[in-house]
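The chains referred to below are lettered A, B, ... by the order of the sequence lines, with proteins before strands, and numbering in each begins at 1. For clarity, every value in this text was computed on a predicted model and none was experimentally measured.
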Amino acid sequence: MTITIAAWNVNSIKARLERTLEWVREARPDVLCLQELKCEEAAFPREAFEDEGYNVAVDGQKTYNGVAVLSKFPIEETLRGLPGGDGDDHARYLEAVIAAPSRPIRVVSVYMPNGNPAPGPKYDYKLSWMDRLITRTRELLDYEEVLAIAGDYNIIPTADDVHDPAAWADDALFRPESRAKYRALLNLGLTPAFEQSGGGAHQYTFWDYQAGAWQRNNGIRIDHILLSPEGADRLRGFTIHKDERAKEKPSDHVPVVAELDV
DNA sequence: ATGGTCGCGTAGCGA
């Protein structure tokens, strides 16, 4: 069977509810990982998605962050928050096993720290958060399952993934240490669905609200779906739903969708 | 042009 796994930073689920529901009705992803909910779990519009046929798991937070996993199939939540945080209470990591009819699929909704300004404490937090993700990913890869780690990584992987590399040289999303840490994550054995399905230059997933970034196509590619070997073997396609950015009251990110033959 | 836009929450921060 074919299933689709989507990731979307909605930049407030309350501000984006109608836009999100509309897209869900059109795209009907089997699994949807959401980021930047900007609300607590109790305030998440759970019923609206249940009415569309989805099970819902939420790790919410007031004002900032917040991640969710929605699935047409039953969800078993396996981990909420990355271990090793020493009091880190940011809602940025939600891991679950989806009981798809053919086989279980492990899915993680991730919202990586932005890290700006760099250098500084926020950048240190980003890099240490990535170290914690690397540690957890090692454990997950040992399971040898179909695994998708999907979301807003706040990482521009290469100079092909930004309109103006020079302008972003000192940004936390593009600095060498950030990109090296991202490569270290991939080198554990994860495959980006984007690259596996052909990749390409200047395929953006985010355009700033400011300075006419969308109109000028001043974008960056920072939303990624990373697959275990068992997942990468089954990848059949990857799509960036760029049209969402042109609609009324859009998120600054657009959905990305991986299609797997499981 | 040394800003520019959103969302939250109702000032100023985060992105």
Side-chain angles (χ1 to χ4, degrees), chain A residues 7-23 33-45 48 58-68 81 85 87-93 109-130 133 150-157 161-175 177-179 181-182 204-224 240-256:
Chain A
W8 195 5
N9 179 323
V10 292
N11 186 19
S12 169
I13 191 59
K14 277 186 266 185
R16 215 70 58 209
L17 182 58
E18 287 312 312
R19 173 67 50 238
T20 306
L21 287 171
E22 184 182 299
W23 182 77
C33 297
L34 297 174
Q35 296 86 41
E36 270 208 276
L37 304 175
K38 294 187 173 180
C39 71
E40 291 178 317
E41 181 176 358
F44 184 87
V58 177
D59 185 14
Q61 185 178 340
K62 188 179 170 69
T63 311
Y64 307 111
N65 311 314
V67 288
D88 178 13
D89 60 352
H90 289 201
R92 296 180 176 278
Y93 182 98
S109 181
V110 289
Y111 178 45
M112 197 102 82
N114 176 292
N116 281 305
K122 289 187 177 179
Y123 192 54
D124 295 342
Y125 173 64
K126 179 188 188 116
L127 295 178
S128 68
W129 200 93
M130 294 181 78
L133 181 61
D152 177 2
Y153 282 73
N154 273 314
I155 292 284
I156 301 166
D161 302 309
V162 50
H163 65 285
D164 183 0
W168 288 77
D170 297 326
D171 193 281
L173 280 62
F174 194 54
R175 285 174 67 100
E177 306 95 317
S178 306
R179 295 158 61 197
K181 201 75 85 178
Y182 180 72
Y204 307 133
T205 66
F206 168 95
W207 296 260
D208 200 285
Y209 289 123
Q210 297 188 65
W214 166 247
Q215 288 76 9
R216 299 162 190 256
N217 197 28
N218 286 348
I220 53 179
R221 190 172 68 83
I222 57 175
D223 299 275
H224 310 301
I240 299 172
H241 285 228
K242 184 179 178 180
D243 290 353
E244 287 306 301
R245 188 64 179 80
K247 296 186 175 174
E248 287 298 313
K249 205 170 157 57
S251 172
D252 39 8
H253 298 249
V254 296
V256 296

Asker: When the P atoms of B:dA15 and B:dG9 are considered, how many whole Å apart are they?
Answerer: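 Comparing P positions in B:dA15 and B:dG9 gives a spacing of 15 Å.
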
Asker: Report all side-chain donor-acceptor pairs from residues 212-220 of chain A shorter than 3.5 Å, counting only partners two or more places apart or in another chain.
Answerer:
unit_1: A:Arg216; atom_1: NE; unit_2: A:Ala211; atom_2: O; d: 3.1
unit_1: A:Asn217; atom_1: OD1; unit_2: A:Trp207; atom_2: NE1; d: 3.0

Asker: Which whole number of Å gives the distance between the C1' atom of B:dC6 and that of B:dA11?
Answerer: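 It works out to 16 Å between them.
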
Asker: For B:dC13 and B:dG4, measure between their P atoms and round to the nearest Å.
Answerer: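 Pairwise P distance, B:dC13 against B:dG4, rounds to 15 Å.
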
Asker: Hey, which sits more toward the 5' end of DNA chain B by its nearest nucleotide, A:Ala211 or A:Arg216?
Answerer: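 That would be A:Arg216.
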
Asker: Quickly work out the A:Trp214 CH2 to B:dC6 P distance and round it to whole Å.
Answerer: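 Taking CH2 of A:Trp214 and P of B:dC6, I get 14 Å after rounding.
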
Asker: Taking ring-ring contact (aromatic ring centres under 6.0 Å, His included) as the definition, give me every residue that meets it alongside A:His253, ordered by chain and number, with sequence neighbours left out.
Answerer: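 Applying ring-ring contact (aromatic ring centres under 6.0 Å, His included) to A:His253 gives A:Phe206.
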
Asker: Sequence neighbours excluded, which residues qualify as side chain to side chain contact (heavy atoms under 4.5 Å, CB included) partners of A:Pro45?
Answerer: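 Counting only residues at least two positions away or on another chain, A:Pro45 forms a side chain to side chain contact (heavy atoms under 4.5 Å, CB included) with A:Ile13, A:Leu17, A:Ala48, A:Phe49.
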
Asker: Relative to each other, are the rings of A:His163 and A:Tyr204 parallel, tilted or perpendicular (30° and 60° limits)?
Answerer: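 Perpendicular: the ring planes of A:His163 and A:Tyr204 meet at over 60°.
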
Asker: Summarise protein proximity over nucleotides 7-15 of chain B in one line of letters, 5' to 3': B for base, S for sugar-phosphate only, - for none, counting protein heavy atoms closer than 4.0 Å.
Answerer: SSS----SS

Asker: For A:Glu177, check side chain to side chain contact (heavy atoms under 4.5 Å, CB included) against everything at least two apart and list the hits.
Answerer: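 For A:Glu177, the residues satisfying side chain to side chain contact (heavy atoms under 4.5 Å, CB included) (neighbours in sequence not counted) are A:Tyr123, A:Leu127, A:Arg175.
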
Asker: According to salt bridge (Lys or Arg N to Asp or Glu O under 4.0 Å), who are the partners of A:Arg179, at least two apart in sequence or on a separate chain?
Answerer: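 If we apply the salt bridge (Lys or Arg N to Asp or Glu O under 4.0 Å) test to A:Arg179, skipping adjacent residues, there are no hits.
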
Asker: In whole Å, measure the gap between the P atoms of B:dT10 and B:dG14 for me.
Answerer: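 Straight-line distance between the two P atoms is 15 Å.
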
